[in-house]
Amino acid sequence: MNQKRTGSLLIRGGHVIDPAAKLDATMDILLRDGHVADVAPSNKLRGASSETFDARGLIVAPGFIDLHVHLREPGQSYKETIASGTAAAAAGGFTSVCCMPNTLPIVDSPEWVTWLQLPDRRAVVNVFPIAAATHASKGAVLTDFRALQRAGAVAISDDGRPILNDAIMRETLRLAAEIGIPVIQHAEDTRITEHCSMNESPTSFRLGLRGMAASAEASVVERDVQLAQQFTGSRLHVAHISTAEALKVVRRGKRNNIRVTCEVTPHHFSLVDEDVGDYDTNFKMNPPLRSAADREAVLVALADGTIDAIATDHAPHALHEKVVEFERAMFGITGLETALALAITKLHREQKIPLTRIVELFTAGPARVVNLKGRGSLARGNYADVTIFDPKKRWTFEVGKSRSKSRNSPFDGWQLTGKVVATIVGGRVVHRTD
Amino acid sequence: MIAIRKDQTSNIPAIAPGSLLGIEHMAAAEIMSLLKAAARMNPRRSRPPLRGKRVLLLFYEPSTRTRSSFEIAAKSLGAITTLVQSSGSSIEKGESLLDTVYTLRAVGADILVIRHPNAGAPLLAARHLDIPVINAGDGMHEHPSQALLDAYTILRHKKTLNGLHITIVGDIYHSRVARSAIHLFSKFGAKITLCGPADFLPELAASLAPGLHLSRTVEDAVRGADAVMVLRVQKERLAGKKISLQEYILKYQVTAERLKLAKKDALLMHPGPIVRGLELTSEVADCAQSVIVEEVQNGVPVRMAILARALGKGKDGR
Ligand SMILES: [Zn+2]
């Protein structure tokens, strides 16, 4: 532990899965001065470092990247702070997180983008801000994308406040294309989802809850794909995609060589609307849990490459915001510490999706979406961000032990397979379990 | 998927026995024993089984009949009642539902009766209280005491619910009365036909209980029915909908002529409040087959039975 940035670390005997480098073999990895110094077959690097990490029986992967987290700072540190949120990220194997701008205030200026990255925030993993597309995410006046990008923003998004106005979305995509920054859309036609608190389904009817139609997602994705293809260099990314209909649109777009990518959350590939049970607010999020058929479509899209990344949409909320009437409860659940285990349990073990594909969805996939240079792969010279996990370890998630400040997880008490053993950021071990 | 989830009973607190949160999760036998207990209740004769007990009526929505019915039922059993309404209380100042019910428990409530605009609110309260909670209507979810009094009313005219053809016409989507009634009638083997325009009766409604039949034509729905339950239609809810008010009246209003298509001895029911000239004609509301007033009367003994059961006094009425 406590490797200095200037030190070196040899990760010995692990099974390296690095999809971007097409590596899937037992290798040693030498980290030095915050970068990957060498990757070589076992024992070639013996003695290259004073510090070694015995990774025999474990998977060694590029550091995981989460494209969608809510760290709640500035303004809502009672839910989460950058320090607590990134500690949860480290425990979940994430070495980089992209944080959404829907804070108080909204991150719509270069000053706030800079503020998020200051050492004072005490982040334990890399934080890449996503900046608002419009002032205060009100969907009216565009922010200064170039200045935001210069300050460190890796994407533009009004997450939680979909850009519905055609002209504004068109302008957002056009200007973002000019500087090569991706636009992330929370695809929801809020004009038809007002007062809704779950998916429109037999369960919503039974509970007497207004239901969100699946078409509210697909129609926005459809419109955005149409707009995106008008501008060369435009990069549209669909956040937390959840419906079969919307996935069809993305698949078609990709086939037509439109630069559209999408992410899915662990809860959307693990749960369905029925799991809401009798008003369990830990199953309330937006987009909502969908039908079994939608989940099936998500599983197919994960396997066939339509989906580019697994992103948690980690959305911590305080108890008093969740232990209330279902319709009044905040949308969102925490997810950083359960993502990998759900992927292994639900996708690898149940659906037989290969581990290499799962690792890709946590690494090379998201790195490509936001164009993170030097991350998402363990190629020589890249940042020394590494996630080491045991794909066979069975464990029980206990939300009471979460590093997050919040407790709103539907997975409390779940027995899962696959556990993070170590998380290394810039050559430093920031999380370790035995 | 359920298999790997922890047993929910271990982290969700138990609900106090005697609570009445909805019809959906009730067994038919339990419903029947409540209805039988109701038949033994007589609001005119003073019965003291709840003497000295405090029944708190927590009403987040205005209500005339349900509130007064519960109040009279509680008083007829010898209980003390206190009404807490959202206006003029700490609720208006932003107090949460749970803080409010904890307070009411602390002042000595033995039974809490809740009417709330949000579905699931009484269940939330029940999960956090050690006293029985009675749902007096929650959002679009359930209104169990209404369904029970409707069943009670039908059984005063018909031998059994089993095999009865019951038609429900109107705004089923927004109706907690409809959801509770459908669950109840379905548990006893009634044949249920639901009728209304798509905005008020989405196809999804068919999934609520086994053997539901959906109809868009009121004549077809009413034909041969043993009971026709008409639901209130709120004008505001037709705003912006595909169907206009005029069209609704034309296609779905229960008129004397349409009611003739039902069995001769069919009951005409309505949970109230009624809007004459909208969902039904004035003539129908007052016709010989109408049991609308009787439903209100029956509400009292049924709610007496519910309150007595809440404190374990339901079995022999003492
Ligand atoms: Zn979102």
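A note on names: the letters A, B, ... follow the listed sequences, proteins ahead of strands, and every chain is numbered from 1.
Listed options A:Arg210, A:His320, A:Arg328 were ranked by heavy-atom pairs under 4.5 angstrom with chain B; first place goes to A:Arg210. Among the candidates B:Pro117, B:Ser207, B:Ala205, the residue making the largest number of heavy-atom pairs closer than 4.5 Å to chain A is B:Ala205.
Within a 6.0 Å sphere centred on CZ of A:Arg349, heavy atoms belonging to other residues, nucleotides or ligands number 12 at most. Counting heavy atoms of neighbouring residues, nucleotides and ligands inside a 6.0 Å radius, atom CD of A:Glu274 does not exceed 12 of them. No more than 12 heavy-atom neighbours from other residues, nucleotides or ligands sit within 6.0 angstrom of CZ on A:Arg394.
The contact between B:Glu24 and chain A is made entirely by side chain atoms (from C-beta outward), counting heavy-atom distances below 4.5 Å. Residue contact with chain B, scored on non-hydrogen atoms closer than 4.5 Å, involves the backbone of A:Ser201 exclusively.
Judged by distance alone, with hydrogens and angles left aside, the side-chain atoms of A:Glu327 form a donor-acceptor pair with the main-chain N or O of B:Ala119 at under 3.5 Å.
Shortest non-hydrogen contact noted between B:Leu124 and A:Val324 is CD2-C, 3.4 Å. A:Asp278 and B:Leu123 get closest at one heavy-atom pair: O-CD2, 3.6 Å. Of all heavy-atom pairs between B:His141 and A:Leu207, the closest is CB-O, 3.5 Å. Listed here is the closest heavy atom pair of A:Arg206 and B:Arg179: O-CD, 4.0 Å. When all heavy atoms of A:Tyr279 and B:Arg127 are compared, the closest pair comes out as O-NH1, 4.2 Å.
Aromatic ring orientation, A:Phe205 versus B:Tyr173: tilted (interplanar angle from 30° to 60°).
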Query raised in the report: Between B:Met140 and A:Leu209, is a side chain to side chain contact (heavy atoms under 4.5 Å, CB included) present by the stated rule, with each step listed?
Result: CA-CA 7 Å; B:Met140 296 168 9; A:Leu209 296 170; over 6 Å; no

